[in-house]
Each structure stands twice: as structure tokens, then as C-alpha cells.
Amino acid sequence: MSNFPSLSLVPAASEAQSAKDFKSDQEVRWCPGCGDYAILAAVQSFLPSLGLARENIVFVSGIGCSSRFPYYLNTYGMHSIHGRAPAIATGLAASREDLSVWVITGDGDALSIGGNHLIHALRRNVNLKILLFNNRIYGLTKGQYSPTSEQGKITKSTPEGSLDYSFNPVSLALGAEATFVARTIDSDRAHLQGVLAAAAAHEGTALVEIYQNCNIFNDNAWEPLKDSDTRDDLLMRLEHGEVILFGKDKGKGVTRTSEGHLKVVNVADVSSDALIRHDAHATDPGLAFALSRLSDVYSLENTPIGVFRDIQRPSYDRLVREQVAQVKERQGAGDLQDLITGNDTWTVK
Amino acid sequence: MTKQVVQISKVIIRFAGDSGDGMQMTGDRFTSETAGLGNDLATLPDFPAEIRAPQGTLAGVSAFQLHFADHEVLTPGDQPDVLVAMNPAALRANIGDLPAGGELIANTDEFTKRAWEKVGYAANPLEDEAFLQKYHVHPVALTSMTVAALQDIDISKKDAERAKNMFALGLLCWLYNRPFDATLEFLTDKFGKRPTILAANVAAFNAGWSFGETTEDFAIQYEVNPAVKKAGVYRNITGNPALAYGLIAASVQSGLPLLLGTYPITPASDILHELSKHKEFGVITVQAEDEIAGIGAALGASYGGSLGITTTSGPGVALKSETIGLAVALELPLVIIDVQRGGPSTGLPTKTEQSDLLQAMFGRNGESPVPVIAPKSPSDCFDAALEACRIAIEYRTPVFLLSDGYLANGSEPWLVPDASTFKVIEPNFATETNHVDKDGKDEFWPYLRDPETLARPWAIPGTKGLEHRIGGLEKANGSGAISYDPENHDTMVRLRQAKVDGIANTIPLLEVDDPSGSARILILGWGSTFGPIGAACRLAREAGHQVAQTHIRHINPFPSNLGEVLKSYDRVIVPEMNLGQLSMLLRAKYLVDIISYNQVRGMPFKSQGLADVIIEVIETERATA
Ligand code: SF4
């Protein structure tokens, strides 16, 4: 059995595995310096910790730079079509309880062309782990603005600045009542792996947004969150059950205004019981959503990372299996001859 | 009073009323009774796309035609012998098809001035001398007699009126001597939980029956003897459930669990409804967020070793095209069922057409060959579904099954097949490595093909040692690694085509029906035109002409003797419910000058019309010979 109860139906590895076992023989073809390398290395070294038979792990991706990911992992994998990976993975996960299914997608793939599939996978709660690499740009098509690009962005397709208002993937997922929503950063391996472990442990759909750097078309998009001079001031690290404290010397916290909104305050200015404590297990996604709205699209101030929401709701595939089992128990396994004969027949002699 | 009983060999009845009048149910019940008597039959429901179009309007008319006989029935019939018109709109919309001298049963209660004016009559047609001369009119106060019959039942007037279709059914059952036990049983099943409604329906039915028996207006009762049919157990079946059963049979015969990924669309949704009822076979139905997700889920399931199926109609196929292309590249089994309807765009959702053929053949980017097969009758949907799944599984390919609105909703008796005679479909999953790398290490090549079928090995997740990656990018022949090499792409494009072409080796040769053995004219069809074409040939032959008939089930690839067959006739006529799509394929492939006969009226061909075309061609040929 795996170390993760949510993966109890997936066969365990028969021997100890290392990151090397998960490297495929394919030459990695991202641009040198791309954030995808760090994520790949982090995933390859994380996967052995699942303790699962490698052949029972499947990575499904869409189209885009990030979607080349499955080629570089020595598991089963499918590089599918633009935006559709969650739909394809839904069919796979619904029909194969013995697989650990991962979806690799990007901000264009998941939020633009595949937006519909993403929100429906989230609401259905199919047992999928979706890793959304957000670099706020279209990389593979060479530099057009994406649904997460900040409004006004100058790109190849928007010489006068983009007009589209941007999506916040975490807010979107919470709005779709996803049961697990988290955010992490490509360059912070420990945090990234911690979030992956929490996602893997979750039964149902997990959405993990990974801030990823595209050094060719949108370099340093997340730099303020990585730079040791600025990051502590900007990053709000969420820990379930802990009072939210961040900033230099943990001087900032979050409180509720009299209108009921969340607001970042200096800890010194409020009484300690006015500070919000993070509850990732709250049934209502409202607080998590409000936290996701605190960050500033441009300055990246007050950017929460970590697990926003992690609640229990039976997964779609489990419910599918239960219904089939119930019907079989009630009426026995189907008989083909009975089915096609039906109960309204006549006989010609 | 004892009535005269007259033996007749066939009858065509059309029930017509408002969408809310229960005409489809009335037709279905009459069909069941008739099937049970052993008559051969064919039915044609014809209903509007709107669930409840405005009452009393032409747009809201719903009709159901049934043709039954003591001999083989090929079509629902061109013209009704008897028209049941529940209101002036139903009369107006259908009277054009009733031949002079035909019988009309009209619900006089609905023939108010307002109602007949609404549909454009200047006077009550039932009081028009010329009209009464032309047709054999039976004016029946269906609504008020129903209400009167139900006066002892504690039920609102509105509910009582709604039972008038049962009155009509009772009358027709008496007229054609149909048993009514099964209808009583059916009503008990349907309304068992609502005893007053049940009582009302039963009382209305009985009242209709007794009315027939006692009224002087109906002097004659008819009898149609059972048709001589092959011995065995029969049931009546419409195309959509037959298709669903065929898919389940393929799942059982292949041992692959069935997953349907789909999105509701007329006229395909009944396949979803049927499959969702059969979880006892392990069937999983995913009603997805859209057409694309429906086929995506099906393909994902196929990747995992299930039998992935998606069902839709033309507009849905347009949305699924990219995923079908992916399935072509991945070379995974997948069955796409297109229940065709009138197009383009939303078109005629409830009407039939055969205009998606070229879409199925070519509606994708790149060279993207997909096998296409089409059932020829409602019950044949079963065999066609089984065959589509066989090809998909054995050749690791998406397969198109083209049904249509007429097959989906039309019905016919079906000699229930013996399930023990169905062939096993062997999925042959790959379980072992199939190649040795340059260092002598065993490895798995997902695109190392079977030399005979050119099918690639299907290794499903969970198979140890065969971990591999596949995708929509071009793959190196054999290894399956990404390849942009020009030579390799050329090879792969040709291999995928050759694989599909090779399926012809496993499909039966085309057979031609020509009782005379010396016909010079061939009439060739595909899909649901089989019945009308057969009936047209029968008419032409009865008129002393020689004509050969053949029908193609496999459109891609064609049966291997098709070219030979085409070339052995002076002229080939291809009737299609489109503007000549199969004709285009045949001309392109065989350079044969096809006579393409086309109709896109949303309705099946009328056999007399087709017979006239055949005879005209024969006579022209004779004149120019
Ligand atoms: S274009 Fe950007 S995202 Fe794509 S591989 Fe290059 S650096 Fe990475």
C-alpha cells in the first residue's frame, strides 16, 4: 500500500525508487533557464515518495511548453490536445481506480482554451492532480499575453497593451468549489514538494498553481516573490491552523473589516484575536477565496502561497464505482441475452 | 351488432395531433400490439424540435406513421391509408399525403372556427362537400366522448381530455382487431402509482373500443394476418436502443468495460439514456460539460483499456473533430456515433439526413483516415455497433458509426439474436517488451506494428515495464519518440492510411440482389435508405423492370469488390438524403459516372418516387441503346 490513503487503490512499488527511475530517455527541450526544469526535477525527486508502482502513474498534458512534461517522466503519459487534458484524464481516472493520474497544464492551456474542462473537473472532484504552470504568457506560440497576464501588458499581440482583465487561477478554482487548491513557486523546491505531497494525499481533484518563470518571453514575472530582498515582505505563507503572519519579522497579519472584508494590517495595530487564522478545512470556500483576492496583480504584494483549501468530498470516480457496485449488488451482473431479448417478445414457430 | 370482417394484406396508419396529444405514445402502443400479432412492420415518428410548440399550430404537429402487413415490410410507407387527425392543424399538415379515397378519422370536437381559421382554412374542411367526396371521413367527437366516458372518475376535465389519445387507440385497436391486454399492462405499469389516471386511461381505451364496435360509421373491421417470418423470438426495436445494446454486446465480447463520454444532443440522447440504465454491465456514462469533454473522457478511458464511446449528432461531431484527430494519431480504439440530422448548423434537430458523410470522412486537419460504417435499419444498428467496436479494438483506431434520425426513432421487428453466437473480440493488450535497444536492453516500442494488420501494440497503464509516452505530435515509426523527420512523416502518414485501407480484408464482399440475374441498372445506397430503395426495387420489378440492388455498410474502407460491382452495370443510381456525398466518393475512387439522386427534406425517401427514377433511367437507357 502507498503511504497515502487517497492512493490506497493504486499498487505500491515493489522496490525502493529514486528520482533517476522517473527520468525518461528523452532529451529535455525547454529553453535553457526555463522554470520548467526546476519543476521537473522537483517532481522527479518527489514521485518516489509516493511509493507507487511507476507503471500505475499517468501524466496527461495539453499543449504548451509545460505540456511537454510527460515526455520527460518514465511513467505512462499522454501529450494530448490544447486545453483538453482534464477531460481526457477524467475518463481515465473514472475508469481506472488503480491509477494515480496527474494533469500538467499552463495558464493558456487550462484557463483560456481549456477553461471549461478545468472548472468542471474541479466541481466534479475527479481524482486528478492538476499542476498548472503559470508564467503569465504564451511561450510556445512565442510571446502573446495569456489569461493571467496583467492588464496593459505589452506583448507581441498587444503592442499598445493588453485590454483583458486577468484571471487569478486560485480564485477561479475556489469559485468552482474545488476541494483542494494550492499555490507554490517553481524555484522553492521544499515548498513545491510539500504542496505536491498534500495534493497527492487529497482524494479528488487538486489544483496546484505553480508560479513558473518563462525567461524568454516574460522573464522575472515572479521575481519579487523570489528575490531574497523582497520576498518575505510580499509572500503570505499559509499554514492550516496557524494565524496568518507574514512580512519582515512577521509584522503583518490579516483581519476582517467591519464590512466583512479581509484586510492586511500591521500586527501591532490590532489585538491578536482580531487576526485571521488559516483554516484550509473550512467547508465554506469564502475565507480562502477572500485570501486569494488580497494579492496585487502588478506589485505581487500580499501573495498567499500554500494550501488554500483542502476539504473532504467523495471523488467522482469513487461515486461512479459505488453506483455500479450498488446496481450489480441489487440485480446481479448483467446477462447479455436477457438484455437484448427484453420483456416484450413474440415467438414465430 | 355483428360487423363484417375483411382480410387485407397491409395498412398504413398515421396518427397526427398536437405535440402534447400523446401521438408518439399512441403510435408506440399500436405498434407493440401489432408486433405481438406477428405482422411485419416499420414505423416513422415525425415530431417537432420544440417540446411543446404552440397548441393548434402547424409547427406543433407531431405524427407517427406505422406500416404493417402480412408480408415483408421495407418502409413506413409513402402515404397513409388511414389518417387520424386530432385537430385542424394535424389535418392541414398531413392531408396532402392522404390519397383520394383514404380514410380520415377526425376529432370533430377540435374543429372549432377558431381552430380551423388558425391554420388557414376558410371554412370547416369537415363540412366541405368536395372534401367529403374525396376522402372517406369518419367524424368522431373524440374529446367529448372521452370526457363522457370518464364522468364517474374523479378527475379534472383537463385530465379527462388528455386521455383522448387512448380513446383513439381503443378505436383503432378495434378497427384492426388488435389485442389490448398488453396495452392494459403497459398502462398499469406507467400509471400504477396514480390509480385515477390509470382508471381514466383504461376507461378511455375501452370507450374507444366499444365505440368502434357499436357505431354504424365503422361498418367493417379489418384483419391483417401475421407475416411469414423466420422462426424465432422477436421483439420490436428502435435504432437508438439497438445501438446501445450493440455497444454493450461489444463490451461483453471484448471483456473491455464500456465508458460513454457524451453530451446530450437530439437525436442521439436516447443512447445515453439507455446506456445509463445498464450499470449491471459495468457501463460508465459520463455526461460531460460539452461535446469535446465527452469524447475526451471516452478517449481517456480507451487509453486506460476501456471501450471508449462517444455519441452525438452533426454539430457535436464538428466540436469533436480535434479529438478524433488525436485518436488517429494515438491509434487508440474509440467509437464515434453520429446520429445524423438535418444541417448545416442547428438545422433540423428532429429530422433525418445523411449529410455528415463527408464530415466523417474528411472533417479533420491533416491526413486523418477514419473507418466509417453505417447501419441500414433500426435493428441493424445492433450489428453495426458491434462491428464498429470490433474494428476499433482490433485496429486501434477511431471508427465513425453513422446512424440517422430515421433509424434512431424508427422501429421494426427484430429476430433476437443468440448471444452465444457472437464472436469474441480480442483486445490483445501488449504485456511484454517488443524491441531491444542498442545496449541490448529490452524496451517497448508503442508504434511497432503488427505486420499483418498494421495495428500498433496497445499497452495500458499498469503494465509493468511498458511505460511509454504518446501524443499528438508526429512519432518516429516504431519507437514512437517525437519525430519531425520528413521521411518519417511521409512513412507514418502512409502507414496510417494503409492500416485503415487494410480493414477491407476483414469485411465481407458486397452482395448484389438481382432476382432476374440480368439487370443492367444497379441502385446502390448506404445507411437508412435501405428500406425505401428495397421497396422501390420491388415496385419497379412488379412493373416488369429489371434492377439490381446493393447497399454499402462499410464506407471507409469500401468492400474490396465494390469497383468490380460498379463496373459490371451500365448505369448506377445512388439515392442519398444529401446532395451526393457518397456519389462524390464513388466517382473519385472508381471513375464511374454515378447518377446521383438526392433529396434533403428531413424525411426518408418515398419508395414510389424512387421507383419512378429507376424506371426513368431504365427507359432512357433502352431508348438510347
Ligand atoms: S518559451 Fe518560456 S516557458 Fe517555454 S520553454 Fe522557453 S522559457 Fe520555458
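Note that the structure is predicted; figures quoted are calculated from it, not measured. Naming: A, B, ... by sequence-line order, numbering from 1 per chain.
- Both the backbone and the side chain of B/Thr323 come within contact range of chain A, each with at least one heavy atom under 4.5 Å from a heavy atom of that chain.
- Contact annotation for B/Leu330: only side-chain heavy atoms (C-beta onward) come within less than 4.5 Å of a heavy atom of chain A.
- With a 4.5 angstrom heavy-atom cutoff, A/Ser14 touches chain B only via side-chain atoms.
- Your options are A/Gln26, A/Gln331, A/Arg96, A/Lys328, and the one with the most heavy-atom pairs under 4.5 Å with chain B is A/Arg96.
- Interface remark: B/Leu415 contributes no atoms to any contact with chain A (heavy atom separation under 4.5 Å).
- For A/Tyr316, the part lying near chain B is the side chain, with the backbone staying farther off; criterion is any non-hydrogen pair under 4.5 Å.
- Neither the backbone nor the side chain of B/Val228 comes within contact range of chain A; no heavy atom of the residue lies under 4.5 Å from a heavy atom of that chain.
- The contact between B/Ala35 and chain A is made by backbone and side chain atoms together, counting heavy-atom distances below 4.5 Å.
- Among A/Ala94, A/Ala87, A/Ala325, A/Gly77, the residue making the largest number of heavy-atom pairs under 4.5 Å with chain B is A/Gly77.
- Counting only heavy atoms from C-beta outward, the side chains of B/His278 and A/Val327 never approach each other to under 4.5 Å.
- Looking at B/Pro417, both its backbone and its side chain come within 4.5 Å of chain A, counting heavy atoms on both sides.
- For B/Thr463, the parts sitting under 4.5 Å from any heavy atom of chain A are the backbone and the side chain alike.
- What you find for B/Leu259 and A/Gly91 is that their closest heavy atoms are CD1-O, 3.9 Å.
- Within the 4.5 Å cutoff, the side chain of B/Val416 has heavy atoms near those of the A/Gln337 side chain.
- In this structure, chain A has heavy atoms under 4.5 Å from both the backbone and the side chain of B/Ala249.
- Note that CG of B/Leu326 and NE2 of A/His82 are 14.0 Å apart. Values are rounded to the nearest 0.5 Å.
- Annotation: maximal heavy-atom pairing with chain B below 4.5 Å, among A/Val58, A/Ile57, A/Asn74, occurs at A/Asn74.
- Only the side chain of B/Gln253 comes within contact range of chain A, judged by heavy atoms closer than 4.5 Å.
- For A/Thr341, the parts lying under 4.5 angstrom from a heavy atom of chain B are both the backbone and the side chain.
- Contact of B/Ile470 with chain A is made through backbone and side chain together, with heavy-atom distances under 4.5 Å.
- Annotation: the span from A/Leu73 atom CG to B/Arg469 atom CZ amounts to 8.0 Å, rounded to 0.5 Å.
- Neither the backbone nor the side chain of A/Asp98 comes within contact range of chain B; no heavy atoms are under 4.5 Å apart.
- Looking at A/Gln323, both its backbone and its side chain come within 4.5 Å of chain B, counting heavy atoms on both sides.
- Taken to the nearest 0.5 Å, the CG atom of A/Asp25 stands 8.0 Å off from the NZ atom of B/Lys441.
- Contact annotation for B/Val252: only side-chain heavy atoms (C-beta onward) come within less than 4.5 Å of a heavy atom of chain A.
- Within the 4.5 angstrom heavy-atom criterion, atoms from both the backbone and the side chain of A/Ile81 approach chain B.
- Using a 4.5 Å cut-off between heavy atoms, B/Pro257 makes no contact with chain A at all.
- The choice from A/Asn343, A/Val101, A/Thr345 that makes the most heavy-atom pairs within less than 4.5 Å of chain B is A/Thr345.
- Going from atom CG of A/Asp344 over to atom CD1 of B/Ile237 covers 11.0 Å, rounded to the nearest 0.5 Å.
- Taking the six-membered ring for Trp and thresholds of 30 and 60 degrees, A/Tyr76 and B/Tyr303 have ring planes more than 60 degrees apart, a perpendicular arrangement.
- Of all heavy-atom pairs spanning B/Arg235 and A/Leu339, the tightest one is NH1-O, 3.6 Å.
- B/Pro226 does not touch chain A: none of its heavy atoms, backbone or side chain, sits under 4.5 Å away.
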